[in-house]
Protein chains: 2
Amino acid sequence: MTSMRARPSFAPRGAESCTSCGARRASVCIAIEEKDLERLAALAVPLPVPAGRTFITEGDPAEHFFNVTHGTAKLFKLLPDGRRQVTGFASAGTFLGLAVSSSYAFSAEAVEPAQVCRFSRTRLRHLLDDFPAMERRLLDVASNELVAAQEQMLLLGRKTARERVASFLLAREACAAVGPVPSARGHISLPMARTDIADYLGLTVETVSRTMTRLRIERLIDMPSPTEIILRNHDALTALAAGLS
Amino acid sequence: MTSMRARPSFAPRGAESCTSCGARRASVCIAIEEKDLERLAALAVPLPVPAGRTFITEGDPAEHFFNVTHGTAKLFKLLPDGRRQVTGFASAGTFLGLAVSSSYAFSAEAVEPAQVCRFSRTRLRHLLDDFPAMERRLLDVASNELVAAQEQMLLLGRKTARERVASFLLAREACAAVGPVPSARGHISLPMARTDIADYLGLTVETVSRTMTRLRIERLIDMPSPTEIILRNHDALTALAAGLS
DNA sequence: CGTGCTTTTGAAAATCATCAAGTATAGTGG
DNA sequence: CCACTATACTTGATGATTTTCAAAAGCACG
């Protein structure tokens, strides 16, 4: 009944896909100049992704790259018994699928209605030959993600639950600051569920919930609704996230 | 065997640095053809790094890239109170310093006597303009490290101590298999201290030690010496590492 | 043959997970 | 529009894995 599988009528291939893409300036596509955008658009297949839909499955043959142009997705890995680690959240501008291997190393699922651009891996590879600037941009993106991954390892390996949650909230704030939708100072939205946050921070839902409640009671944050957080004591949160406290 | 060892310890500048580099085929430098090696060698500054010496410090201005040509280094991040997370171990062939930022995101210290090649960041950048193959190789390297980082996040966030140690030992074995010094099947060496392993796995030294002892008692491994491990029951270890147990 | 470091082992303590249940929220259908 | 159901979130009590604290054993080095 609620089937979202109806093929959308829009997404006119090529026409205005890349030229008018709101996420372009935030993505690797910025490396392609206006005049060459048509070549990129010819490869790009815009796809709507309803919330909850998995569009990359770990282990599947990696035939495509993806670029999130709208909404938010979670990237995750699973253990056979169902334990899950969310390795990151991808919002507008994020490029997905970088890997040398022939199969995806993670799964990706939309946490809110999203829009992605799909590129054939081999065809984009060829395009890269003509646009070294884009390849360099990809290297920059990968380098940045590597730095972020190391930071996350520090969080997962050495920080307490409190420190993890504080780090997460501050990261969300920083992420919102560069995002397309400017939000009020210290106001952040959490489109992902508590379970996703827990799996991202290496904790349980209960611990995340309890920790947030405690931060609220201590007036470090406000929580008008579960998906809406206001950072009340930025300095204290920063100290917490850094491990001082 | 003796011929392999015929390598000068004090690699004279330029002369034969890159041409005779034992680590070249395992590193990004493989992307530079023989005839162009001189240009690379002109940039490469070979440096011996004694065990325990820190040669990259987190937060310092990132002026150089490094390529480990011999020995092993640990990469790590610190919290102000001294908590440490080892984000990886770098052995011969590993390229270090990828980052867009102007300062290093991690520190690096040799865990055993090592040899590295130092490149000026800006000059190597310019060299990359002439050798797109090397840039592509760098992207591949970064992509692979990203996949490894995600795997490590899964380990840190969701695996038990036992599973972490098993995963580590198997990863070491796989790493030794591709390394320059072929070792007997199932025999691995651990050049790093228990503390480093603990900081890599997000555990304490005591837990690592206890866990290894237990694996030994259960005949999954043998431990002739603390730095020498023999994988006795490969299948059981694999199952453990995968989370089945 | 000490001396200092690393590794190992033991006992107690703590953080976080698990189990359990209540509350809030959203989406559905009457 | 409202009640109903399913889901998400929160809160509480208990428990377990891992940490912390403490100390012995093993090794390298001078």
Side-chain angles (χ1 to χ4, degrees), chain A residues 1-4 50-52 74 79 81-85 111-113 155-166 168 189-218 221-229 240 243 245, chain B residues 50-52 74 79 81-85 111-113 155-166 168 189-218 221-229 240 243 245:
Chain A
M1 181 65 178
T2 62
S3 165
M4 307 250 186
K74 64 184 175 201
L79 286 174
D81 64 358
R83 276 176 286 173
R84 194 176 59 157
Q85 178 65 38
V111 299
E112 60 182 349
L155 179 149
L156 292 170
R158 288 301 178 222
K159 289 188 184 176
T160 66
R162 238 169 114 69
E163 291 164 353
R164 293 183 200 197
V165 171
F168 173 70
S189 74
L190 302 179
M192 67 291 292
R194 288 286 184 276
T195 310
D196 297 327
I197 298 176
D199 285 344
Y200 180 58
L201 300 179
L203 301 169
T204 58
V205 204
E206 294 94 329
T207 299
V208 170
S209 182
R210 269 188 262 272
T211 306
M212 285 193 156
T213 300
R214 198 172 142 206
L215 291 178
R216 180 169 53 68
I217 290 172
E218 293 168 352
I221 65 172
D222 247 359
M223 204 163 20
S225 84
T227 64
E228 217 177 329
I229 309 284
L240 236 185
S245 69
Chain B
K74 64 184 176 203
L79 285 174
D81 63 359
R83 276 175 286 174
R84 194 175 59 156
Q85 178 65 37
V111 299
E112 61 182 349
L155 180 150
L156 292 170
R158 288 299 180 222
K159 289 188 184 176
T160 66
R162 237 168 115 69
E163 291 164 354
R164 292 184 202 197
V165 171
F168 173 70
S189 75
L190 302 180
M192 67 293 290
R194 288 285 184 276
T195 310
D196 297 328
I197 299 176
D199 285 344
Y200 180 58
L201 300 180
L203 301 169
T204 59
V205 204
E206 295 93 329
T207 300
V208 170
S209 181
R210 271 188 260 271
T211 306
M212 285 194 156
T213 300
R214 200 174 140 207
L215 291 179
R216 180 169 52 69
I217 290 172
E218 293 168 352
I221 64 173
D222 247 357
M223 204 163 21
S225 86
T227 64
E228 218 177 329
I229 309 284
L240 237 185
S245 63

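All chains are named by letter (A, B, ...) in the order of the sequence lines, taking the proteins before the strands, and each is independently numbered beginning at 1. Side chains are part of it too, since the values below use all heavy atoms of this structure and drop only hydrogens, waters and symmetry mates.
- Residues from residues 197-212 of chain A placing a heavy atom under 4.0 Å of any atom in DNA chain D, listed by number, are A:Glu206, A:Ser209, A:Arg210.
- Contacts of B:Thr160 with the nucleic acid, taken as non-hydrogen atoms under 4.0 Å apart, involve only primed sugar atoms and P, OP1 or OP2.
- Ion pair B:Arg83/A:Glu163 flagged as a salt bridge, since at least one NZ, NE, NH1 or NH2 atom sits closer than 4.0 Å to an Asp/Glu carboxylate oxygen.
- With rounding to whole Å, A:Leu156 atom CG is found 15 Å from D:dT18 atom P.
- Atom CZ of B:Arg216 and atom C1' of C:dT9 are 11 Å apart (whole Å).
- Rounding to whole angstrom units, CD1 of residue B:Ile217 and C1' of C:dT8 are separated by 11 Å.
- Dashed line: the shortest gap from a side-chain N or O of A:Thr213 to OP1 or OP2 of D:dT11 is under 4.0 Å.
- Atom-to-atom, CZ of A:Arg158 to P of C:dC16 comes out at 13 Å; the value is rounded to the nearest Å.
- Checking A:Thr195 against B:Lys159, the closest nucleotide of DNA chain D that is more toward the 5' end is the one next to A:Thr195.
- A side-chain donor-acceptor contact under 3.5 Å links A:Thr213 to the backbone of A:Ser209.
- Computed from coordinates, the B:Arg162 CZ to D:dA16 P distance equals 18 Å when rounded to whole Å.
- By the 4.0 Å N-to-carboxylate-O rule, B:Glu206 lies too far from B:Arg194 to be salt-bridged with it.
- Computed from coordinates, the A:Asp196 CG to D:dT7 P distance equals 16 Å when rounded to whole Å.
- Straight-line distance from the CZ atom of B:Arg194 to the P atom of C:dC5: 19 Å, rounded to whole Å.
- Electrostatic pairing of B:Asp196 and B:Arg84 counts as a salt bridge here, judged by a charged N lying under 4.0 Å from a carboxylate O.
- A donor-acceptor distance shorter than 3.5 angstrom exists from the side chain of B:Gln85 to the backbone of B:Tyr200, with no hydrogens or angles considered.
- Looking only at distances, no side-chain donor or acceptor of B:Arg216 sits under 3.5 Å from a matching main-chain atom of B:Asp222.
- Rounded to a whole Å, the CD1 atom of B:Ile221 is 13 Å from the C1' atom of C:dT8.
- Checked for salt-bridge contact, A:Asp199 and B:Arg158 meet the test: a charged N lies under 4.0 Å from a carboxylate O.
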